[in-house]
Amino acid sequence: MFEFLLSHAPVPAQLGGGGTDPLSIAFQVAFYVIFVAMFLYGQRIQTLFWQRNIERALRNLEKWAGEGKDRSMKTILDKGKPTSNPKSAVDEYMEFFMIEPVDRDPAGVLGRLEHLLDVRKRYSENIVAKIAPSAGTEERANIEVVLEAAMALNFIFRVVRHYLILGKKTHSLFIIMQLEMQIPLIEKLAESYYKALDAFVKGTPIGDGIGPMVASKMMDGAPKIEVPEEFVRGDINIDGRNVVILKARGPGGRVGKPGLAVQKVIEQYSGKVAGIITIDAALKLEGEKTGEIVQGVGVALGDPGPEKHRIEQVATDYNIPIQAVIVKQAMEEAITYMKKEIADSVDNAIARVKEIVNEMGKAGETIIVVGIGNTLGVGQ
Amino acid sequence: MAATRGPSRWARYFLVNLLVSVVLLVMSIVFLGMGIVQFEGGTITNTVILYGVFEIALGTVGAYVSYNMLSSTLRLRSSVSTKILDKLVTVETCPQCGFKEERPYVEGDYVRKDSAACSKCGTTKRITAVFVEKPSTPAVKAA
């Protein structure tokens, strides 16, 4: 091979204009074309590589968004037995949006946000009731979370596609570059939602359900009463302390309104509550162990604001200490099937809560324990 | 846009990628060969070193780019499966004697649901956990 190359190679003299046979000329031309192309269009070639990578990711996102919609449809048809084809209603739901309240005038913004969230929730409930008339209340709650996940997948796909097309149209290196840098994280997030669909459809516990799972085990055997909104209360006794356990009503996929539930209980006791303990899943940092339990101060609650604010406000008004117990997990672990490590942390979390209960109040005092999170697949 | 559906479009995209990668690979090998050949001659002058190094560098970069293109193109083709292979386990616990038993998940299982009678004391067991044993990373790379 090398003899052949030697006879045809553009040796220095040839590169400078030597070799006259067709192959040598072809090599010389190719050499100069590549050199000039790399010199003039190097950046553009790099952009093309990035575009290709984004298009590959976009193909995944499109596939997941399509499957999300298909699985929503299938769940609705299986559980809801609709009389008419729900396709148009599902398509419409995928594009549904909520405009956040004006925050230039921050006074009362959380009240307005809560109102909008309530309206949004009622809209979802009405849509699901219409397209899945035969589904029970728990199944409807599950259909709602399936639709939410499908909606998130659809939104991610549309946003990435938008920026890719915009970058191509404007030949903007910066739009494409930013997208390329973020695409692994975006893809990971979308993959989590895609994998979450399976748990949502089946109605099995997800990582985020660790709070309700701890609460449900603690209130096991105690009489349960419903409290607003979509919450369940069970009172138990720990070493002479009256402990009020709260969790969202399961096993449907709900988060309820923990702030409102806590407020109602505190008002019932006229503020004479020795402490509030919230238990929730929290995002771990890379390198940290899944299922690790950590204690802290404050409200462990990841809502858009109103519920967390309500607990903080009522605790401040009555000077009630707030403690939090978190169970660490990754984003994808929080929204997909509960992992064994997380399920195994229930007993340790209960032990930690009992310790805090004993530290917070004396015998005869009341302490509130709230299991925060999506109670999908966790009854009471 | 390449992201639109359709097998013919996909096949075209795949073939073009494959063709470009192969052509680039052949060219890179030729350049690498030419670079090596430069040093096989009798006298090695500064010009020979300059061109030899340049050609070897060009060939190496070309080969790397071509390898990247080839591998990503083949990856695109290979992974179509999105099947999730997670194994779900349901844990049943007897509230009376504390006997714990694991079994495969059955549709409709949820935590705190009453289950079968305990094989030791006969009390109705309750589901205390539903978890995934070994979460697999599904092959969800590309369509």
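A quick note: this is a predicted structure, and the numbers were derived from the prediction, not measured. Order of the sequence lines fixes the chain letters, A, B, ..., with proteins taken first and strands second; residue numbering starts at 1 for each chain.
In this structure, the portion of Thr128(B) lying under 4.5 Å from any heavy atom of chain A is its backbone and not its side chain. For Leu88(B), the part lying under 4.5 angstrom from a heavy atom of chain A is the side chain only. Residue Ile34(A) touches chain B through its side chain alone, counting heavy-atom pairs closer than 4.5 Å. With a threshold of 4.5 angstrom between heavy atoms, Leu50(B) does not approach chain A through any atom at all.
Between Val53(B) and Phe39(B), the closest side-chain pair of non-hydrogen atoms falls below 4.5 Å.
Using a cutoff of 4.0 Å between basic side-chain nitrogens and carboxylate oxygens, Arg71(A) and Asp198(A) are scored as salt-bridged. A salt bridge is defined here as a Lys NZ or Arg NE, NH1 or NH2 lying under 4.0 Å from an Asp or Glu carboxylate O, and Arg161(A) with Glu55(A) fails to meet this definition.
Test Lys340(A), Glu333(A), Gln329(A) against Thr290(A) for side-chain hydrogen bond (donor to acceptor under 3.5 Å, both in side chains) and you get one pass: Glu333(A).
Contact tally against chain B (heavy-atom pairs below 4.5 Å) for Gly221(A), Pro212(A), Ala199(A), Pro205(A): the top residue is Pro205(A). Here Pro251(A) is the residue among Pro251(A), Ala30(A), Gly250(A) with the most heavy-atom pairs under 4.5 Å with chain B.
When the salt bridge (Lys or Arg N to Asp or Glu O under 4.0 Å) test is applied to Lys79(A), no partner is found at least two apart in sequence or on another chain. Residues forming a salt bridge (Lys or Arg N to Asp or Glu O under 4.0 Å) with Arg103(B) (at least two apart in sequence, or on another chain): Glu92(B), Asp109(B).
Within residues 19-28 of chain B, the residues that have a heavy atom under 4.5 Å from a heavy atom of chain A are Met27(B), listed by number.
Under the 3.5 Å distance criterion, with hydrogens and angles disregarded, a donor-acceptor pair is assigned to the side chains of Tyr337(A) and Lys202(A).
Within the structure, salt bridge (Lys or Arg N to Asp or Glu O under 4.0 Å) pairs that include any residue of residues 63-72 of chain B do not occur (at least two apart or interchain).
The aromatic rings of Phe31(A) and Phe54(B) sit perpendicular to each other, their planes meeting at more than 60°, with 30° as the lower class boundary.
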